[in-house]
Amino acid sequence: MHDVIIIGAGPAGLSAAFWCDELGLDTLVLEQAAEIGGQLHRVYNPVNNYLGLKARNGRELLERFSAGVDEAGFDLWTGAEIESINLRAKRISLRSGEQLQSIAIIITTGVRPRTLNIPGEREFAGKGMIESATRDRDLFAGEDVCVVGGGDAAVENALLLAEVCPTVTVVHRGKKLRARREFVERLQPNHAVTVFTESVLTRIIGENRVEAVEIMRKDGLKPFQLAVRGVLIRIGVEPNSELFRDQLEQDEKGYITVGGEQETSVPMVFAAGDVSNPTAPTISGATGAGATAAKVIAARLNAQRSNG
Ligand SMILES: Cc1cc2nc3c(=O)[nH]c(=O)nc-3n(C[C@H](O)[C@H](O)[C@H](O)COP(=O)(O)OP(=O)(O)OC[C@H]3O[C@@H](n4cnc5c(N)ncnc54)[C@H](O)[C@@H]3O)c2cc1C
């Protein structure tokens with residue numbers, strides 16, 4: 001029996017773990033990936049907005065965040081796949097066969113990039129699918145590329161690619177780009193960039209790598225093909241919360257609903273970080289919320305233990 005089981009070892013889960021340890025709680029962290037760090041692995045831009053720390057990218061920040069993990073008093077299992085969970089009973093079964101039980105649970109499972117689920121998207125991973133303009137733009141210099149999405153991330157990536165690519169075609173399903181005005185204003189005079197609004201990507205085509213995309217306009221005209229060598233998809237994120245569906249309150253998009261103390265609709269089950277923060281997900285928000293959950297749990301357990 002553990003005091004706390006934390007599910008997910010991104011910034012929120014790591015912060016909660018260090019706090020639980022400091023507060024004397026017997027803590028186990030379950031991370032399904034082979035490595036801890038969550039989205040920090042995909043942050044290729046400098047991080048300048050975490051108070052007191054500047055990092056060239058997410059991995060550098062992760063090195064700072066994970067300093068001391070090995071010496072800390074909490075257990076951390078990577079590659080831990082949950083087969084089933086009963087939140088009310090606080091019981092977890094892992095695929096590997098272990099049965100776990102705790103007094104409290106903190107869910108810090110974060111979010112994942114939304115996908116288009118169209119032919120070619122998975123098959124061409126690493127063969128023309130661009131993960132990040134910051135990371136990959138030199139690889140695609142001189143090539144025609146396509147960017148899907150209309151928010152800040154899509155337009156910012158399109159602008160970066162337009163510095164080195166002869167053409168950048170932005171495909172956005174809405175009527176107007178949603179990105180902040182400053183980005184859209186920089187896009188308009190850029191001769192390399194063409195924007196197709198009210199349009200969707202229906203296929204990514206190629207023999208052994210990306211060679212073209214198929215675009216469908218919403219005006220009902222026939223789909224057309226465009227020759228490109230790279231495709232970058234930035235259409236938002238979705239919460240990793242399916243595992244808990246039907247057991248606690250979530251909003252219509254699947255984000256877990258929490259109160260001011262990060263507690264969910266199930267007593268002694270807490271959620272922190274992006275999985276419970278649809279409006280302002282940040283690293284500092286995630287670490288703060290993880291700390292709050294840990295402190296509330298410690299206070300409750302201390303009160304229970306001193307009463308009896
Ligand atoms: C490109 C990019 C740039 C960004 N730049 C910034 C920035 O400059 N500043 C900033 O503040 N924020 C930035 N962010 C956002 C920031 O990375 C997130 O807000 C932060 O990582 C959220 O932390 P988290 O712990 O809530 O979730 P995550 O980082 O998503 O971590 C969740 C963890 O839970 C694990 N997990 C998921 N499901 C399970 C399961 N069933 N069982 C066990 N483990 C599970 C995942 O594998 C992952 O390790 C950026 C994000 C991206 C993608």
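Keep in mind that what you see is a predicted model, and the values were worked out from it rather than measured. Ligands are counted one by one from 1 in listed order, and the atoms in each one are counted from 1 as well.
In terms of protein heavy-atom proximity, atom 46 (C) of ligand 1 is nearest to Glu31 OE2, 3.5 Å. For atom 37 (C) of ligand 1, the closest heavy atom belonging to the protein is Thr109 O, 3.2 Å. Val43 CG2, 3.8 Å is the protein heavy atom nearest to atom 52 (C) of ligand 1. Among protein heavy atoms, the minimum distance from atom 11 (O) of ligand 1 is reached at Ile283 N, 2.8 Å. When only non-hydrogen protein atoms are considered, atom 25 (O) of ligand 1 lies nearest to Ala12 N, 2.9 Å. At the top of the distance list for atom 29 (O) of ligand 1, counting protein heavy atoms only, stands Gln39 N, 2.9 Å. Given atom 41 (N) of ligand 1, the protein heavy atom at minimum distance is Gln32 OE1, 3.5 Å. For atom 1 (C) of ligand 1, the nearest protein heavy atom (residue, atom name, distance) is Arg42 O, 3.5 Å.
Taking only nitrogen or oxygen atoms, main chain and side chain alike, Leu40 does not reach within less than 3.5 Å of ligand 1. Where the criterion is an N or O separation shorter than 3.5 Å, residue side chain and backbone included, Pro11 meets it with respect to ligand 1. Between Asn240 and ligand 1, not a single N/O pair is under 3.5 Å apart. Note: an N/O pair closer than 3.5 Å links Asn49 and ligand 1 by distance alone. Considering backbone and side-chain atoms together, Pro46 places no N or O closer than 3.5 Å to any N or O of ligand 1. For ligand 1, one of its N or O atoms has an N or O atom of Asp274 under 3.5 Å away.
Minimum interatomic distance between Asp152 and Ala179 (heavy atoms only, all atoms of both residues): OD1-CA, 3.2 Å. Here the closest non-hydrogen pair linking Leu76 and Ala9 is CD1-CB, 4.2 Å. The shortest heavy-atom contact between Pro278 and Asp251 is CG-OD2, 4.0 Å.
Neither the backbone nor the side chain of Asn48 comes within 4.0 Å of ligand 1, counting heavy atoms alone. Contacts with ligand 1 closer than 4.0 Å are made by side-chain heavy atoms of Ala286 only, the backbone lying farther away. Under 4.0 Å from ligand 1, the heavy atoms of Asn45 that appear belong solely to its side chain.
A salt bridge links Arg305 with Asp3: the distance from a Lys NZ or Arg NE/NH1/NH2 to an Asp or Glu carboxylate oxygen falls below 4.0 Å. Under a 4.0 Å N-O distance rule, the pair Glu198/Lys218 does not qualify as a salt bridge. A salt bridge links Arg112 to Glu242: one of the charged nitrogens lies within less than 4.0 Å of a carboxylate oxygen. A salt bridge links Arg300 to Glu261: at least one charged side-chain nitrogen sits closer than 4.0 Å to a carboxylate oxygen.
To the nearest 0.5 Å, atoms CG (Asn57) and CZ (Arg42) are separated by 13.5 Å. With values rounded to the nearest 0.5 angstrom, Asp26 atom CG is found 10.5 Å from Met1 atom CE. In this structure, the separation between CG on Leu30 and CD on Glu98 is 9.5 Å, given to the nearest 0.5 Å.
In this structure, Gln262 and Ser276 have side chains that are in contact, with non-hydrogen atoms separated by less than 4.5 Å.
Taking Ile, Leu, Val, Met, Phe, Trp and Tyr as members and joining any whose side-chain heavy atoms lie under 4.5 Å apart, directly or through other members, the hydrophobic cluster of Val145 also contains Ile130, Leu139, Phe140, Val147, Val155, Leu159, Leu161, Val168, Val170, Leu177, Phe183, Val184, Leu187, Val193, Val195, Leu232.
Of all atoms in ligand 1, listed by their number and element, those nearer than 4.0 Å to a heavy atom of Val111 are 30 (O). Heavy-atom proximity to Leu30, at under 4.0 Å, picks out these atoms of ligand 1: 43 (C), 44 (N). Within ligand 1, counting atoms from 1 as listed, the ones closer than 4.0 Å to a heavy atom of Gly10 are 25 (O), 31 (O), 33 (C). Ligand-side atoms of ligand 1 in range of Thr108: 32 (C), 33 (C), 34 (O), range being under 4.0 angstrom from any heavy atom. Those atoms of ligand 1 with a heavy atom of Gly273 less than 4.0 angstrom away are 26 (O). Counting the atoms of ligand 1 from 1 in the order shown, those under 4.0 Å from a heavy atom of Gly38 are 29 (O), 31 (O), 48 (C), 49 (O).
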I'd like a table of donor-acceptor pairs (distance under 3.5 Å, sequence neighbours excluded) in which one partner is a side-chain atom from residues 62-72, with atom names and distances.
| from | atom 1 | to | atom 2 | distance (Å) |
| --- | --- | --- | --- | --- |
| Ser66 | OG | Leu62 | O | 2.7 |

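A donor atom on one side chain and an acceptor atom on the other are not found under 3.5 Å apart for Asn240 and Gln32.
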